[in-house]
Each structure stands twice: as structure tokens, then as C-alpha cells.
Amino acid sequence: MKYAVDRIEGNIAVCENLDTKETIEIDGFNSIYYFEFGKDFSHSPEKHNFWEMVYVDKGDMVVTAGTDTYLLKSGEAAFHCPHEFHNLR
């Protein structure tokens with residue numbers, strides 16, 4: 001199933017599916033990591049069975065979700081749905 005986050009409303013991520021819309025509510029986090037990456041940072045595409053949120057604190061980052069690519073700037077976030085191939089650079 002292919003998912004993409006359509007919009008964020010408060011602490012709710014609305015995901016767009018090929019056939020339906022789903023809404024999830026985030027009640028908490030299992031873990032939070034803070035990293036500062038160099039300009040040449042990149043990692044291979046990955047997927048996993050949990051949600052991942054990427055927030056850009058400063059600078060910018062290119063985020064790929066499925067076949068779509070986005071430029072996130074400081075103060076912006078992306079949510080990767082479970083089983084969605086994604087990478088950061």
C-alpha cells in the first residue's frame with residue numbers, strides 16, 4: 001500500500017492512500033533522536049514497520065518518500081508512514 005502525508009493538523013497526520021483517506025492521532029513517541037548532519041549526508045532508502053518523523057531544525061534537507069522528493073526547510077517536518085520507502089540527504 002502506498003501512503004503519503006497529505007497534511008498535518010495539530011498532532012494528527014492525514015495520510016493519502018490510493019483509494020481512501022486515513023487519519024491517525026499521535027499519542028506519544030517511542031524514541032526521539034536529534035542529529036546534526038553535514039552537507040554531504042545521505043543514506044540508502046529504507047522502510048520499517050513504524051512511523052518516522054523528520055523535523056528540520058536549521059538548514060534544509062531533501063526527503064524522498066516513495067517516488068516523491070521534497071525540499072524541507074528549517075521549521076518544516078515530514079512523516080513517513082509504515083512500510084514507505086524513504087531516504088534523507
Side-chain angles (χ1 to χ4, degrees):
M1 217 177 261
K2 180 182 175 184
Y3 292 93
V5 172
D6 187 43
R7 66 185 179 282
I8 305 299
E9 298 175 0
N11 66 336
I12 296 175
V14 179
C15 286
E16 187 176 316
N17 186 310
L18 295 175
D19 302 314
T20 63
K21 288 232 178 221
E22 296 181 31
T23 302
I24 63 156
E25 184 170 338
I26 300 170
D27 294 325
F29 295 93
N30 289 331
S31 57
I32 297 174
Y33 298 98
Y34 181 85
F35 299 100
E36 291 189 14
F37 299 119
K39 292 201 180 284
D40 60 347
F41 171 80
S42 181
H43 75 75
S44 299
E46 64 176 1
K47 71 175 184 170
H48 33 71
N49 64 353
F50 53 85
W51 283 87
E52 181 177 327
M53 182 185 97
V54 177
Y55 176 81
V56 178
D57 185 36
K58 56 187 169 187
D60 54 40
M61 176 173 278
V62 175
V63 176
T64 301
T67 59
D68 300 319
T69 300
Y70 307 93
L71 176 64
L72 294 182
K73 297 181 180 184
S74 180
E76 296 180 330
F79 286 81
H80 297 292
C81 299
H83 307 290
E84 174 183 65
F85 276 104
H86 61 276
N87 73 323
L88 311 170
R89 59 180 196 269

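These numbers come from the heavy atoms of this one structure, side chains and all, not from hydrogens, waters or symmetry mates. Computed from a predicted model, the values in this text were never measured in an experiment.
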Query raised in the report: What closest approach, in Å, do L72 and V54 show between heavy atoms, and which atom pair accounts for it?
Result: CD1-O, 4.3 Å
Query raised in the report: Looking at K73 and D60, what are the two nearest heavy atoms and their distance?
Result: CA-CB, 4.1 Å
Report summary line: Here the pair of heavy atoms bringing A65 nearest to Y70 is CB-CE1, 4.4 Å
Query raised in the report: NZ/K47 to CZ/F85 distance, rounded to the nearest 0.5 angstrom?
Result: 4.5 Å
Query raised in the report: Which heavy atom in W51 sits nearest to a heavy atom in C81, and how many Å separate them?
Result: CH2-SG, 3.2 Å
Query raised in the report: Can you get from F35 to V56 by hopping between Ile, Leu, Val, Met, Phe, Trp and Tyr side chains that sit under 4.5 Å apart?
Result: yes
Query raised in the report: Do side-chain atoms of H43 reach the backbone of N87 as a donor and acceptor pair under 3.5 angstrom?
Result: no
Query raised in the report: So, do R89 and T69 sit near enough that their side-chain heavy atoms are less than 4.5 Å apart?
Result: yes
Query raised in the report: How long is the gap from CZ on F37 to CE on M61, to the nearest 0.5 Å?
Result: 5.0 Å
Query raised in the report: Heavy atoms, side chains only, cut-off 4.5 Å: are E52 and E46 in contact?
Result: yes
Requested in this report: Using the six-membered ring wherever Trp is involved, compare the ring planes of H80 and H86 and label them parallel, tilted or perpendicular (cut-offs 30° and 60°).
Outcome: parallel
Query raised in the report: Between S74 and D57, is there a donor-acceptor pair closer than 3.5 Å when you use the side chain of the first and the backbone of the second?
Result: yes
Report summary line: Residues joined to L71 in its hydrophobic cluster, side chain to side chain under 4.5 Å directly or through other members, sorted by chain and number, are V62
